[in-house]
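Take a look at the structure below.
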2 protein chains.
Amino acid sequence: MTGQVRTVDGRVAGRRGQATRQKLLECLSEMLSTSPYRDVKVIDVARMAGTSPATFYQYFPDVEGAVLELAEEMAKEGATLTDLVAGRTWAGKPAWAAAEDLVDGFLSFWRKNDAILRVVDLGAAEGDKRFYKIRMKILNAVTNSLTDSIKELQDKGRVDKWVNPAAIAGSLVAMLAAVAAHQKGFQSWGVKQAELKPNLALLVHLGVTGKKPTK
Amino acid sequence: MTGQVRTVDGRVAGRRGQATRQKLLECLSEMLSTSPYRDVKVIDVARMAGTSPATFYQYFPDVEGAVLELAEEMAKEGATLTDLVAGRTWAGKPAWAAAEDLVDGFLSFWRKNDAILRVVDLGAAEGDKRFYKIRMKILNAVTNSLTDSIKELQDKGRVDKWVNPAAIAGSLVAMLAAVAAHQKGFQSWGVKQAELKPNLALLVHLGVTGKKPTK
DNA sequence: AGAGGAGCTGACGGAGTGTCAGGTTAGGTT
DNA sequence: AACCTAACCTGACACTCCGTCAGCTCCTCT
């Protein structure tokens with residue numbers, strides 16, 4: 001069902017082909033985290049991989065296409081983000097722990113994949129549906145769970161009726177993503193990395209439950 | 001003090017020069033909102049402006065340089081965002097109105113300038129100090145005011161001591177920016193534009209005051 | 001009118017893109 | 001071993017865009 005890896009011209013990639021393809025992806029990833037997206041050239045990636053541009057075009061239609069591949073890989077890994085929210089209770093002390101874990105997990109995931117995520121964010125903002133879908137895939141993992149949690153609290157009457165759980169969840173997740181993408185920015189506010197986390201957790205807790213946490 | 005506009009090779013730009021320069025900026029802006037940043041070429045901008053690439057290079061070092069110019073212009077206009085927060089009280093009904101106005105103003109500003117802001121965001125995330133500074137300039141306008149408001153509440157004992165006002169303010173502003181940049185994304189959650197605003201206002205209010213709003 | 005600087009662009013070398021034809025390599029078949 | 005085939009790679013090429021410079025035109029002031 002996974003379908004074999006295929007070259008642009010339809011050939012089936014064998015062992016050797018897969019290897020060079022992978023190497024190209026690795027070099028692209030490296031390239032993305034060291035130079036601005038706009039300046040990433042096929043020829044540079046090929047050079048770094050010790051091969052020729054023509055080989056690159058055998059496996060990917062263009063740089064963007066290769067980035068999509070990279071992003072897809074990451075999105076698969078990102079599915080595990082669900083675990084950060086699934087099956088958590090949002091009452092009392094466990095709620096605070098839930099918020100903390102969510103912030104922590106999310107931030108470290110974003111940090112680890114910041115280079116590709118930057119590009120995905122850009123593509124999505126530019127209206128490219130392929131990037132947009134990948135971004136959704138990652139965020140959905142968290143947002144859906146969070147939405148359900150809020151809905152549950154709402155049904156119990158612990159959250160106002162006029163609140164839209166999806167809107168709140170989506171906004172909180174967007175916040176986490178944005179803060180993660182611009183972590184360095186906070187340093188110039190005099191806010192340190194370690195200080196940031198509990199404050200984010202507070203906002204998440206407030207957003208989900210509508211109340212201050214009991215630490 | 002503003003210093004005259006100069007060409008790349010140091011000439012002082014006169015009336016005619018200013019005009020073509022401006023036209024180039026306008027066309028670039030148009031270009032940015034119709035095609036992905038990576039695909040914006042000097043030659044296209046020049047063509048659209050009815051001039052030659054060589055002319056473009058007379059006024060800007062490259063596409064990035066021109067985008068910076070555009071961003072700087074926008075940042076000046078963005079200084080007015082301070083008005084959304086300055087001199088507001090964060091207690092009772094006025095607080096809710098303040099939150100609503102902030103969200104409204106912020107979102108519409110972002111919408112209006114989304115194309116350039118996308119690029120600024122990218123540049124900042126990539127660690128380019130010039131873009132980073134511009135982004136700060138815009139966000140500072142709001143964040144600083146918000147930080148002060150939270151500090152004030154904290155001094156009055158209405159906000160917990162362990163809270164870091166700058167971290168909260170920064171996170172809230174980052175949230176607004178992120179949501180604004182991906183407004184379309186929320187539609188796929190089944191969240192409509194009009195529905196989004198009050199929920200964002202709620203989150204802002206919760207973040208600043210730590211309490212639910214009294215509408 | 002003409003001097004001089006502002007303004008524009010054709011032309012060009014250099015670099016990246018994307019394609020194709022043709023050569024090389026790996027693995028299976030007889 | 002000899003052969004075949006499909007996978008794999010790349011040199012070469014036409015094309016596009018970049019970035020620069022010399023030289024032309026236009027405007028303005030005297």
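We name chains A, B, ... by the order of the sequence lines, and we start the count at 1 in each one. We use all heavy atoms of the structure for the numbers below, so side chains are in, but hydrogens, waters and symmetry mates are not. Predicted model, so just to flag it, every value in this text is computed and none were measured.
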How many angstroms lie between atom CH2 of B:Trp162 and atom CG of A:Asn199, to the nearest 0.5 angstrom?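 Nearest 0.5 Å value for the CH2-CG distance: 6.0 Å.
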
Under 4.0 Å, counting only non-hydrogen atoms across every strand here, what does [X] touch: a base, just sugar-phosphate, or nothing?
| X | answer |
| --- | --- |
| B:Phe60 | nothing |
| B:Arg11 | base |
| B:Thr7 | nothing |
| A:Phe56 | nothing |

Cation-pi check, A:Arg118 onto A:Tyr37 ring (under 6.0 Å, within 45° of axis):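 No, A:Arg118 does not sit over the ring of A:Tyr37.
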
Show each protein N/O and nucleotides 15-22 of chain C N/O combination with a separation under 3.5 Å, one pair to a line.
from	atom 1	to	atom 2	distance (Å)
C:dT17	OP1	A:Val42	N	3.1
C:dT17	OP2	A:Val42	N	3.4
C:dT17	OP2	A:Ile43	N	3.1
C:dG18	OP2	A:Tyr57	OH	2.6

Closer than 4.0 Å, any side-chain N/O of [X] to the OP1 or OP2 of [N]?
| X | N | answer |
| --- | --- | --- |
| A:Thr51 | D:dT10 | yes |
| A:Thr55 | D:dT10 | yes |
| A:Thr20 | D:dC9 | yes |

Specify the separation, in whole Å, of atom CD of A:Gln4 and atom C1' of D:dA6.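 Result: 14 Å.
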
In whole angstrom, give the distance that lies between atom OH of B:Tyr59 and atom P of C:dT9.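 Result: 10 Å.
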
As a quick check of understanding, evaluate salt bridge (Lys or Arg N to Asp or Glu O under 4.0 Å) for A:Lys112 and A:Glu77, giving each step before the final call. CA-CA 11 Å; A:Lys112 189 179 160 194; A:Glu77 192 197 335; 2.8 Å; yes

Verify the neighbour count for atom NZ of A:Lys137: are there more than 12 heavy atoms of other residues, nucleotides or ligands below 6.0 Å?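 Enclosed.
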
Closest contact, heavy atoms only, B:Val120 versus B:Ile134: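 Of all heavy-atom pairs spanning B:Val120 and B:Ile134, the closest is CG1-CG2, 4.4 Å.
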
Describe, in one word, how the ring planes of A:Phe56 and A:Phe60 are oriented to each other, choosing from parallel (under 30°), tilted (30 to 60°) and perpendicular (over 60°).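 Correct class here is tilted.
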
Nearest to side-chain heavy atoms of A:Val12, which nucleotide of D:dT10, D:dA7, C:dG7: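 Closest of the options to the side chain of A:Val12: D:dA7.
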
